[in-house]
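Shown next, in structure tokens, is the structure this report addresses.
Below, read A as the first sequence line, B as the second, and so on, with proteins coming before strands; counting in each chain starts at 1.
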2 protein chains.
Amino acid sequence: MGIIERKARQKADLRARILEASRAIVLADGFAGLTMRKIAQAIDYSPGTLYLHFAGRDEIARELCIGGLRDLVAALTPTAAILEPRARLEAVAQAYLRFGLERAETYRLVFMEDPTIVKVIYDRPEAGSDDDPGTQAYRLLAAGFFELQAAGRLKPAADPLVLTDAFWSSLHGVVSLKLTCPGFPATPVEILLPTLVKSLLDGMLV
Amino acid sequence: MGIIERKARQKADLRARILEASRAIVLADGFAGLTMRKIAQAIDYSPGTLYLHFAGRDEIARELCIGGLRDLVAALTPTAAILEPRARLEAVAQAYLRFGLERAETYRLVFMEDPTIVKVIYDRPEAGSDDDPGTQAYRLLAAGFFELQAAGRLKPAADPLVLTDAFWSSLHGVVSLKLTCPGFPATPVEILLPTLVKSLLDGMLV
DNA sequence: GTCTATAGGCTGATAGAC
DNA sequence: GTCTATCAGCCTATAGAC
């Protein structure tokens with residue numbers, strides 16, 4: 001079986017190299033600059049070869065999208081060490097902003113591009129399961145609000161899931177506005193985000 | 001002078017027709033679907049003619065961008081009739097969301113596309129003046145927070161301009177997330193936005 | 001599996017006739 | 001001013017040789 005295994009490994013390797021090269025191109029030229037030709041050139045293969053590993057450009061985009069979301073989860077996860085829920089949510093916000101600004105093109109691809117790309121997150125078989133990065137990221141935030149509720153710190157009748165959505169939407173607003181209109185909210189993000197998070201949580205908690 | 005005037009008017013008319021056709025194409029096919037050929041075909045002229053009225057595709061995009069912002073201002077302006085500042089800000093939020101969802105492609109073009117397109121808003125000579133739609137939209141929101149401050153209703157040491165930026169960012173977050181990931185914040189916007197706005201303002205006011 | 005070659009389409013922008 | 005024709009380039013995807 002050694003030969004078959006080796007061939008399978010080589011195939012997986014090339015697939016990984018294709019994705020890695022694609023990631024670099026998206027980083028450098030944006031998603032619009034990602035073309036099959038460029039990818040092939042970057043890994044020294046012919047364009048046709050790519051189609052043996054991916055159905056086409058869209059499939060590569062979807063893989064990158066999921067990978068980016070996985071990276072976001074990885075960037076947010078360390079905050080789980082903070083026990084106090086409000087402090088943890090504030091740390092999540094910081095980490096989220098940081099990720100979005102540092103990995104701008106990745107963030108754009110996942111959250112600001114064509115809806116059909118991000119659609120894969122919900123349509124995949126794992127969607128909703130523990131293995132799904134989208135679910136993991138969401139739970140990371142939702143957990144904080146559930147804990148606050150359990151401690152009786154949420155305003156009565158507040159729905160933790162609705163607050164989670166509101167919180168995430170606000171974070172997304174700061175990041176995405178900064179990426180598209182750098183310099184529009186004149187307030188620097190180091191002040192804007194903490195102010196927003198503080199106001200929001202102050203308004204949500206008793 | 002009649003002949004010269006007529007020619008000038010004809011020229012301005014064609015320019016307007018080009019923009020109108022472009023707007024329709026962006027509406028139907030998105031910004032990526034806007035091409036010089038399609039525009040020319042829509043108004044029954046040859047592609048070359050477009051270049052007599054615009055330097056190129058980018059200039060058309062910039063004009064559309066400013067026009068879209070102007071429309072946004074028009075959509076928000078009626079709320080100025082509401083005297084009580086908090087109620088007015090809530091109404092602005094509603095109108096903003098409504099505009100973003102109803103004019104999705106326009107909103108995308110102005111606030112979610114290439115930074116170089118929206119850049120024109122700040123670089124134009126009118127930028128910052130009363131005639132500038134960006135400034136007008138911003139003032140519409142900022143006025144509410146200044147009035148709240150004047151009435152002693154803001155938390156001490158709060159900066160109205162920072163709150164304005166935070167408020168706008170949140171609105172943008174709800175709209176843009178909905179446009180890119182329809183169905184991600186599972187909470188329907190009719191609940192999400194009021195919850196967000198209420199929490200935010202509760203946290204900002206004394 | 002990988003290559004070369006190419007089909008078949010799109011794009012923005014321009015040159016020169018009228 | 002407007003047209004036709006075209007340049008020069010890009011793209012995805014595929015067919016057939018090796």
Side-chain angles (χ1 to χ4, degrees), chain A residues 1-26 28-65 105 109 113-114 116-117 120, chain B residues 2-26 28-65 109 113-114 116-117 120:
Chain A
M1 289 299 195
I3 293 176
I4 293 176
E5 281 173 5
R6 193 203 61 212
K7 291 212 169 186
R9 199 178 57 240
Q10 282 178 345
K11 180 155 181 159
D13 275 359
L14 186 50
R15 193 184 155 92
R17 283 182 60 203
I18 291 171
L19 285 176
E20 196 180 356
S22 302
R23 216 178 72 92
I25 292 169
V26 169
D29 306 341
F31 176 58
L34 179 70
T35 71
M36 300 302 267
R37 283 169 143 76
K38 269 195 224 171
I39 300 168
Q41 199 176 5
I43 59 169
D44 291 317
Y45 276 86
S46 80
T49 303
L50 302 179
Y51 291 89
L52 298 174
H53 297 82
F54 295 94
R57 198 184 93 116
D58 285 359
E59 190 178 318
I60 295 177
R62 283 195 296 271
E63 288 293 324
L64 289 179
C65 187
E105 288 305 335
L109 178 64
E113 219 67 48
D114 191 341
T116 59
I117 298 174
V120 67
Chain B
I3 294 176
I4 294 178
E5 281 171 7
R6 192 202 62 213
K7 292 213 168 182
R9 198 177 58 242
Q10 283 178 345
K11 180 154 182 160
D13 276 358
L14 187 48
R15 192 184 155 93
R17 282 182 61 204
I18 292 172
L19 286 176
E20 196 181 355
S22 303
R23 217 177 71 93
I25 292 169
V26 169
D29 305 341
F31 176 58
L34 180 69
T35 71
M36 301 301 268
R37 285 170 144 77
K38 268 195 225 171
I39 300 168
Q41 199 176 5
I43 60 169
D44 292 316
Y45 276 86
S46 81
T49 303
L50 302 179
Y51 292 88
L52 297 173
H53 297 82
F54 295 93
R57 199 184 91 118
D58 286 359
E59 190 177 317
I60 295 177
R62 284 196 296 271
E63 288 294 325
L64 289 179
C65 188
L109 178 64
E113 219 67 49
D114 192 340
T116 59
I117 298 172
V120 66

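Counting heavy atoms of neighbouring residues, nucleotides and ligands inside a 6.0 Å radius, atom CD of A:Glu59 exceeds 12 of them. No more than 12 heavy-atom neighbours from other residues, nucleotides or ligands sit within 6.0 angstrom of CD on B:Glu20.
Residue A:Ile39 contributes atom CD1, which lies 12 Å from atom C1' of D:dC11 at whole-angstrom precision. Between B:Leu34 atom CG and C:dT11 atom P there is a gap of 10 Å when expressed in whole angstrom units. In this structure, the OH atom of B:Tyr45 is 7 Å from the P atom of D:dC3, given to the nearest Å. Taking atom CZ of residue A:Phe54 and atom P of nucleotide D:dT14, one finds them 16 Å apart after rounding to whole Å. Rounded to an integer number of Å, the gap from B:Asp29 CG to C:dT11 C1' is 15 Å. Distance CD (A:Gln41) to P (D:dC11): 10 Å, rounded to an integer number of Å.
Considering CD of A:Glu105 and CD of A:Glu113, their distance stands at 8.0 Å, rounded to 0.5 Å. B:Ser22 contributes atom OG, which lies 4.5 Å from atom CD1 of B:Ile60 (distance to the nearest 0.5 angstrom).
Considering only residues two or more places apart in sequence or on other chains, A:Lys38 meets the salt bridge (Lys or Arg N to Asp or Glu O under 4.0 Å) condition with A:Asp29. Evaluation of the salt bridge (Lys or Arg N to Asp or Glu O under 4.0 Å) rule for B:Glu63 yields B:Arg15 as partners, not counting sequence neighbours. Residues passing the side chain to side chain donor-acceptor pair (under 3.5 Å) test with A:Asp58, sequence neighbours excluded: none.
Looking at heavy atoms from C-beta onward, B:Asp114 lies out of side-chain contact with B:Phe31 at the 4.5 angstrom threshold.
Here B:Ser46 does not reach the OP1 or OP2 of D:dT2: none of its side-chain N or O atoms lies under 4.0 Å away.
The side chain of B:Leu52 has D:dT2 as its nearest neighbour among D:dC11, D:dT2, C:dT11. Among D:dC3, C:dG1, C:dT11, the nucleotide with an atom closest to any side-chain atom of B:Thr49 is D:dC3.
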Under a 4.0 Å heavy-atom criterion, the protein footprint on nucleotides 13-18 of chain C, written with B, S and -, is BB----
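Contacts between residues 8-16 of chain A and DNA chain D, defined by a heavy-atom separation under 4.0 Å, are absent.
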Identify every side-chain donor-acceptor pair in residues 43-54 of chain A under 3.5 Å, counting partners at least two apart or on other chains, and give the distances.
unit_1	atom_1	unit_2	atom_2	d
A:Ser46	OG	A:Thr49	OG1	3.3
A:His53	ND1	A:Thr49	O	3.4

